[in-house]
Amino acid sequence: MRNNPEKIEQNLRTVAEMNLNIGRERERLDKMEADLQLEIALAKGEDGKPLFSNDSLRKAAFNKAILENGEHAVISQSLEHLERDRLYLLALIERLRLEFKLYLLDHQAEITANSST
């Protein structure tokens, strides 16, 4: 438990890296979704008229396109795993902090007991 501060620091560095990766993955999803929305909004039929003339049709076309997009599914799943692992790591960091506090309290109580005898 004495080396918990070092473990905490290492885990916080890992969390920082995970935060960067999560941000990158979210940006990839956002770009992919924006590209799809733009493609749908600009889609025209052979007659030159919009294929998706109202919000409901555009939203339905977007949802269908997202569900059918394998790359989007892979990135979403990867992001979900990263976020879950990040939460687990934050829970571990909290446990390490609490264990170290208990260690310090025990150590302080031991010193106090030895100095009073």
Side-chain angles (χ1 to χ4, degrees):
M1 278 192 247
R2 296 181 86 175
N3 59 352
N4 277 15
E6 290 84 16
K7 289 179 185 177
I8 291 168
E9 179 184 359
Q10 291 168 352
N11 286 314
L12 284 172
R13 288 175 188 263
T14 302
V15 167
E17 286 296 319
M18 293 172 96
N19 287 340
L20 291 173
N21 290 332
I22 287 169
R24 286 185 196 113
E25 293 297 289
R26 281 196 181 125
E27 285 176 10
R28 287 178 64 195
L29 284 180
D30 289 347
K31 182 186 181 319
M32 190 178 297
E33 291 171 5
D35 289 344
L36 274 172
Q37 286 177 331
L38 187 59
E39 184 180 318
I40 290 167
L42 298 176
K44 304 248 188 246
E46 290 180 15
D47 58 1
K49 292 183 180 180
L51 282 178
F52 310 103
S53 57
N54 63 45
D55 266 353
S56 294
L57 288 175
R58 285 188 292 274
K59 186 179 266 186
F62 173 77
N63 288 337
K64 184 176 184 292
I66 287 295
L67 289 173
E68 293 173 350
N69 187 313
E71 185 181 2
H72 188 279
V74 168
I75 295 169
S76 292
Q77 188 173 23
S78 170
L79 183 58
E80 190 176 299
H81 290 177
L82 271 171
E83 289 173 333
R84 182 199 62 221
D85 292 346
R86 180 183 167 276
L87 290 174
Y88 290 165
L89 200 51
L90 289 171
L92 171 64
I93 290 167
E94 186 61 24
R95 191 187 90 220
L96 290 170
R97 284 181 174 151
L98 292 173
E99 286 176 354
F100 189 67
K101 284 180 184 179
L102 288 173
Y103 166 78
L104 290 177
L105 287 172
D106 287 345
H107 189 67
Q108 185 177 8
E110 188 178 307
I111 290 171
T112 304
N114 287 340
S115 66
S116 63
T117 53

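As the structure is a computational prediction, the values presented were derived from the model and not from experiment.
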For a quick test of reading the model, state the closest non-hydrogen atom pair linking [X] to [Y] and the distance between them.
X: Ser78; Y: Glu25; result: OG-OE1, 3.9 Å
X: Ile40; Y: Ala61; result: CD1-C, 3.6 Å
X: Met18; Y: Arg86; result: CE-N, 3.3 Å
X: Phe52; Y: Leu57; result: CD2-O, 3.9 Å

Distance, nearest 0.5 Å, that separates [atom1] of [X] from [atom2] of [Y]:
X: Ser115; Y: Glu110; atom1: OG; atom2: CD; value: 11.0 Å
X: Leu92; Y: Asn11; atom1: CG; atom2: CG; value: 5.0 Å
X: Glu33; Y: His72; atom1: CD; atom2: NE2; value: 3.5 Å
X: Met32; Y: Glu27; atom1: CE; atom2: CD; value: 13.0 Å
X: Leu82; Y: Glu17; atom1: CG; atom2: CD; value: 11.5 Å
X: Asp85; Y: Thr14; atom1: CG; atom2: OG1; value: 11.0 Å

With a 3.5 Å cut-off and sequence neighbours excluded, list the donor-acceptor pairs that the side chains of residues 94-102 form with protein atoms.
residue, atom, partner, partner atom, Å
Arg95, NE, Glu99, OE2, 3.0

### Test: Arg13 and Glu9 ion pair at under 4.0 Å
yes

#### Entry: Asp35/Lys31 salt bridge by N-O under 4.0 Å criterion
yes

### Task
Check the hydrophobic clustering (I, L, V, M, F, W, Y; side-chain heavy atoms under 4.5 Å; chains of links allowed) and say if Leu51 and Phe62 are grouped together.
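Result: yes, single cluster for both.
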
### Task
Please check if Ile75 and Ile66 belong to a single hydrophobic cluster, counting links between Ile, Leu, Val, Met, Phe, Trp and Tyr side chain heavy atoms closer than 4.5 Å.
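Each belongs to a different hydrophobic cluster.
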
#### Entry: Over 12 foreign heavy atoms within 6.0 Å of CD, Gln108
no

### Message
For Arg84, I'd like to know if atom CZ has over 12 heavy atoms of other residues, nucleotides or ligands within 6.0 Å.
### Response
yes

### Message
Measuring only between side-chain heavy atoms, which start at C-beta, is Gln37 closer than 4.5 Å to Arg58?
### Response
no

